[in-house]
2 protein chains.
Amino acid sequence: MEPIQTLPLRDRVINALRDAIVNGELVPGQALVGTELANQIGVSQATLRDAIYALSLEGLVETVAYHVSTVKTLSKKDIEDLFSVRSMLESYAIRQIVAAGQAAAAVSELYAICDEMEGAAEQDSLTDLNRIDRMFHDTLIDFSGNQLLAVLWNSVAQRVQQVLSLSNQQQENLRQIVLNHREIAQVIENEDAEAAVGLMNTHISFVADEICGNWHQIALGTNGGQ
Amino acid sequence: MEPIQTLPLRDRVINALRDAIVNGELVPGQALVGTELANQIGVSQATLRDAIYALSLEGLVETVAYHVSTVKTLSKKDIEDLFSVRSMLESYAIRQIVAAGQAAAAVSELYAICDEMEGAAEQDSLTDLNRIDRMFHDTLIDFSGNQLLAVLWNSVAQRVQQVLSLSNQQQENLRQIVLNHREIAQVIENEDAEAAVGLMNTHISFVADEICGNWHQIALGTNGGQ
DNA sequence: CAATTACTGATTGTCGACAATGTGGCGCGG
DNA sequence: CCGCGCCACATTGTCGACAATCAGTAATTG
């Protein structure tokens, strides 16, 4: 059995707010007024303030002393930077996996995830596919064996999820995505790190360009970008 | 003139604790008891706890619910991971600078920093040299133009500074360090990114091996590693 | 005598109230 | 009519007190 862990109230508030942000329920630029949210959620202002402050440290919220906190706005350049950094982290992970001889162990899990992904694709469930997609990349990072990398990745992956949620990604073909991932897993199985990195970067760049191209209208929907 | 900004008390406490940790005044494994520290520093327990929680998000402090927080212990593998990630971030920055044609602008600042570094080396001031060394690498990151990278770097650079403080780095020759940095700046000036990356990685690996080799006795001084 | 349970002391988590700070509007003087 | 300064409101920041939880110890029971 899994241990029943009662997270501190503050942590639960943090998780709730973070989920709301990365799922696009709280849009960039939206004000997070302490007194309102505290009453709405049902916690004290101090507890909520801690949560907001924690999210500001994670970079999801912008706070200025004695001013209302807002969900961080995302400029086009922020998106470019985000996907660029993402490529760097994943490329590093792939190279480490191959160099450490962990390729076989990793792909065995990656293939299993691809199978799950295929199931979601057949049901046209975008939310499930996104969730499993993240599992794929999390697995890649974990098998690098670098825990600090995992910490940095977590921060980046959150923002990626947020961007994906905001851009209603008119994902062309869900099955194509599954194929892309399976392809990457195959190349890793062959221990060809550079080929895998190339595929990964191409894949990420494609998605990034797709989103950046339509970003103005997404950002305009909220507060005008900048 | 610079605007006089009165930081909130909580942020000042955070900065004070963070400085104490990265400068080695608070050693890994040391307990951070709320009531004690609050009285000692002269703030309320709530404010101090916020600060401790913030530092736990930065990864400098380990907290378990309803348990005493401690300064995060650093295993040998943590150090290896740290310097490995550091290499990744800086390599990325160098490649971006050269690719974006920012090499000339960057090296002009880097050379100036090297001059300052030389002054510190002549006075055998290790603390000054460390401070200027960080400026060098911060500049490198900043000129990459990627703000998200700067955020991740900040987190990594803090830990690096902590490790350097803890290992009383019997720095062989301070002037040699200056030469190493100047050499890197020169290669960047030639727009040879890969050569610069090679030099940088060699330099970082050397320092990392040096520290890892003697890490057990450093960690043992506090709580036994692990 | 051993294992379990209940208690005690210490520490962290949560809260409501109060102080500090910033913003917008009103009134006054030019 | 315009500009300046003052005032009240809203929001954030800080605090001390109380509740929840944990580790270690002593008492209890088979």
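Residue numbers start from 1 in every chain, and the chains themselves are labelled A, B, ... in the order their sequence lines are given, proteins ahead of strands. Note: hydrogens, waters and symmetry copies are ignored here, and every other heavy atom, side chains too, is used. The structure presented is a predicted model; accordingly, all values stated were derived computationally and were not measured.
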Please report, rounded to the nearest Å, how far the [atom2] atom of [N] is from the [atom1] atom of [X].
X	N	atom1	atom2	answer
R12(B)	dG13(D)	CZ	C1'	11 Å
I41(B)	dT14(D)	CD1	C1'	15 Å
D50(A)	dG13(D)	CG	P	11 Å
E62(B)	dT12(C)	CD	P	15 Å

Using a cut-off of 4.0 Å on non-hydrogen atoms, how would the nucleic acid contact of R10(A) be classed: base, sugar-phosphate, or nothing?
->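 Counting heavy atoms under 4.0 Å across all strands, the contact made by R10(A) is with sugar-phosphate only.
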Scan L32(A) against the nucleic acid and name what it touches under 4.0 Å (heavy atoms): base, sugar-phosphate only, or nothing.
->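 The answer is sugar-phosphate, as L32(A) gets under 4.0 Å only of primed atoms, P, OP1 or OP2.
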Check every atom of [options] against the side chain of [X] and return the nucleotide holding the closest atom.
X	options	answer
T47(A)	dT12(D), dG22(C), dT14(C)	dT14(C)
H67(B)	dT11(C), dG16(C), dA23(D)	dA23(D)
L9(A)	dC22(D), dG13(D), dT14(C)	dT14(C)
A46(A)	dC15(D), dG13(D), dT12(C)	dC15(D)

Aromatic rings F136(A) and H181(A): how do their planes relate, parallel, tilted or perpendicular, breaks at 30° and 60°?
->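 Perpendicular.
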Is there a donor in the side chain of S167(B) and an acceptor in the side chain of N214(B), or the other way round, less than 3.5 Å apart?
->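 No, N214(B) and S167(B) have no side-chain donor paired with an acceptor closer than 3.5 Å.
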With nearest nucleotides of DNA chain C determined for D11(A) and A65(A) from heavy-atom distances, which residue corresponds to the more 5′ nucleotide?
->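 That would be D11(A).
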Give a yes or no answer on whether the side chain of N15(B) reaches the backbone of D11(B) with a donor-acceptor pair at less than 3.5 Å.
->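 Flag set: sc N15(B) to bb D11(B) pair under 3.5 Å.
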Apply salt bridge (charged side-chain N to carboxylate O under 4.0 Å, His left out) to E80(A) and list each qualifying residue two or more places apart in sequence or on a separate chain.
->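 Here no residue qualifies.
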